[in-house]
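Here the structure comes first, spelled out in structure tokens, and everything after it is commentary.
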Amino acid sequence: MDKKSLSLYIHIPFCKKKCKYCDFLSFGGCSIVEQREYIDALCKEIGAYSLISDEYEVVTIFFGGGTPSYVPAEYIGKVIDKVRETFTLSENAEITIEGNPDSLTSDKLKAYRSYGINRLSIGLQSTNNEMLNILGRVHNYDQFVAAYSRAREVGFSNINIDIMSGLPSESMESYVKTLGRVVEMQPEHISAYSLIVEDGTPLAEDEELLSKLPTDEIDRRQYSRTKLLLGQAEYERYEISNYAKTGYECRHNLRYWTGGEYLGVGLGASSYMKLDGGLEMKPSVYDEYNVGEDEYNIGEMTDNDAVYVRFKGVDNIDEYIGRFSKYGSGWTDVSSVKELIGNCYTEIQVLKDKDRMEEFMFLGLRCIKGVSISTFEERFGKSIHDVYGKVIEKYSELGYLGVDGDNIYLSDKGIDVSNTIMAEFLL
Ligand code: SF4
């Protein structure tokens, strides 16, 4: 039997300290004991997938967070060992770890290489120390330069650097300096996102900083400058906010954007899987944790038909550890993956064709080459024009969408208003 490809996202929710703008599921300053308990539970969760692991070949792994480089390297090694023990890992799998400059020591970097990690993603955000301070980052620019050169020394030949535009009170000159310094270092990949003010973060409460945020117009100018300067330095923009040297596009993220199956393990991690045997819920579990059945949005249940399911790990760390540390020795024993998912996860949603078509469009349109007309037809048995003809026609005439052979893509003008256009693909 041909194995299906699977991408694995592994969430490590620990950081040295929370950044001011961060609403990711992560905690600052957790003890080593808490970290170890979490890693043990995580390994149990991965092991639970031996129920279906022979159907899959893992083609990408992404350690995200949080700050995966904050935890002891051997914890990461333990998790990778568990993945190898449970799944077949493709020989040329892309294995990425995210890290912050202050915690990427030589020893850790060497250990990562010995575990087979072949891609490093460093959270820099800005080369301007004043900006790093405003954001509440725990590192400075010099620490980044040192960490980057250590990573090269130990043999990392595929490095991403994260940078951020739209920072409070940052001049264009300062932003361009960040771009220039990053390009000088010649990483293989650059992610350039705009700062988003998320509710509930310290930044969202800081009136003074909020008053210094750039206008949309300046934000757009920073975006164009990013595109221009990175383009001149031969980075190809292959997704709205992601740039790569030829052949170094992030394979893991491309699978998200093109509708590949992925399994997210760890606290609050999301998954998207095709289950050949449907889903099955065990009501006793609701009682155990006092959650009502209606908290689970199961949509239309099928017994044996293949279903596309989206589901999420619980986001309370004590509950997560309690749930999976007992796996294999108590109430969580299950005999099939449909029970495992039905029992141990939250926000379970069975996707209908309509949901999958919408996602195909708005995730695919994030990619600069756009969505494939023939893939849409193969996947859904319908012509893209029968489903979205009117929207495609309207925005093509206005110059927001372009068609190139088999592909429909957002034009530069379309990217500027991408949220509005993507919303039109909701059915
Ligand atoms: S390092 Fe990343 S995950 Fe951790 S607090 Fe900062 S932005 Fe959030």
Side-chain angles (χ1 to χ4, degrees), residues 9-32 34-35 38-39 42 62-73 75-76 79 96-105 108-109 112 119-144 146-148 151 159-168 170 178 182 187 189-206 209-210 213 241-242 250 252-253 264-270 312-313 315-317 320:
Y9 172 79
I10 302 176
H11 192 68
I12 308 291
F14 305 112
C15 294
K16 188 168 179 183
K17 156 177 163 289
K18 282 294 272 188
C19 302
K20 270 190 204 148
Y21 59 93
C22 178
D23 82 331
F24 295 132
L25 189 48
S26 65
F27 313 100
C30 287
S31 72
I32 206 78
E34 286 167 295
Q35 293 176 32
Y38 177 80
I39 296 290
L42 184 58
F62 195 103
F63 283 91
T67 310
S69 65
Y70 179 63
V71 304
Y75 290 4
I76 302 294
V79 174
T96 304
I97 188 161
E98 286 185 328
N100 275 342
D102 62 306
S103 50
L104 288 168
T105 61
K108 272 188 185 159
L109 288 161
Y112 297 160
R119 186 169 183 273
L120 181 67
S121 177
I122 310 180
L124 165 65
Q125 315 316 345
S126 174
T127 63
N128 180 332
N129 285 337
E130 196 189 324
M131 291 302 129
L132 293 175
N133 197 26
I134 286 178
L135 294 172
R137 301 285 300 176
V138 290
H139 59 89
N140 60 35
Y141 174 50
D142 286 347
Q143 282 175 306
F144 162 76
Y148 184 87
I159 300 183
N160 167 59
I161 299 178
D162 284 341
I163 58 172
M164 229 180 222
S165 59
L167 304 184
E170 184 170 42
T178 290
V182 167
H189 191 284
I190 300 172
S191 292
Y193 285 92
S194 187
L195 174 69
I196 294 176
V197 179
E198 302 284 0
D199 286 346
T201 58
L203 176 63
E205 311 289 310
D206 191 327
L209 283 184
L210 292 180
L213 284 173
S241 306
N242 284 280
C250 175
H252 185 86
N253 285 341
V265 288
L267 199 67
S270 296
K312 228 175 135 235
D315 54 15
N316 176 304
I317 192 159
Y320 175 80

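Just so you know, ligand 1 is whichever comes first in the structure, and atom 1 is the first atom listed for that ligand. Heads up: numbering here begins at 1 and tracks the sequence.
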Polar contact flag, side-chain donor to acceptor under 3.5 angstrom, His189-Asn160:
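On atom types as modelled, these side chains qualify, holding a pair under 3.5 Å.
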Thr201-Glu198 side chain donor-acceptor pair, cut-off 3.5 Å
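No donor-acceptor contact under 3.5 Å links the two side chains.
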Should we count OH of Tyr141 as having more than 12 external heavy atoms under 6.0 Å?
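It does: Tyr141 OH has more than 12 such atoms within range.
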Under 4.5 Å between any side-chain heavy atoms of [X] and [Y], yes or no?
X: Thr67; Y: Ile12; answer: no
X: Ser126; Y: Met164; answer: no
X: Phe63; Y: Tyr9; answer: no

For atom 3 (S) of ligand 1, what is the nearest protein heavy atom, given as residue, atom name and distance?
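Checking every protein heavy atom, the shortest distance to atom 3 (S) of ligand 1 gives Gly66 N, 3.3 Å.
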If you draw a sphere of radius 2.8 Å around atom 6 (Fe) of ligand 1, how many protein N/O/S atoms end up strictly inside it?
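With waters ignored, the protein N/O/S count below 2.8 Å is 1.
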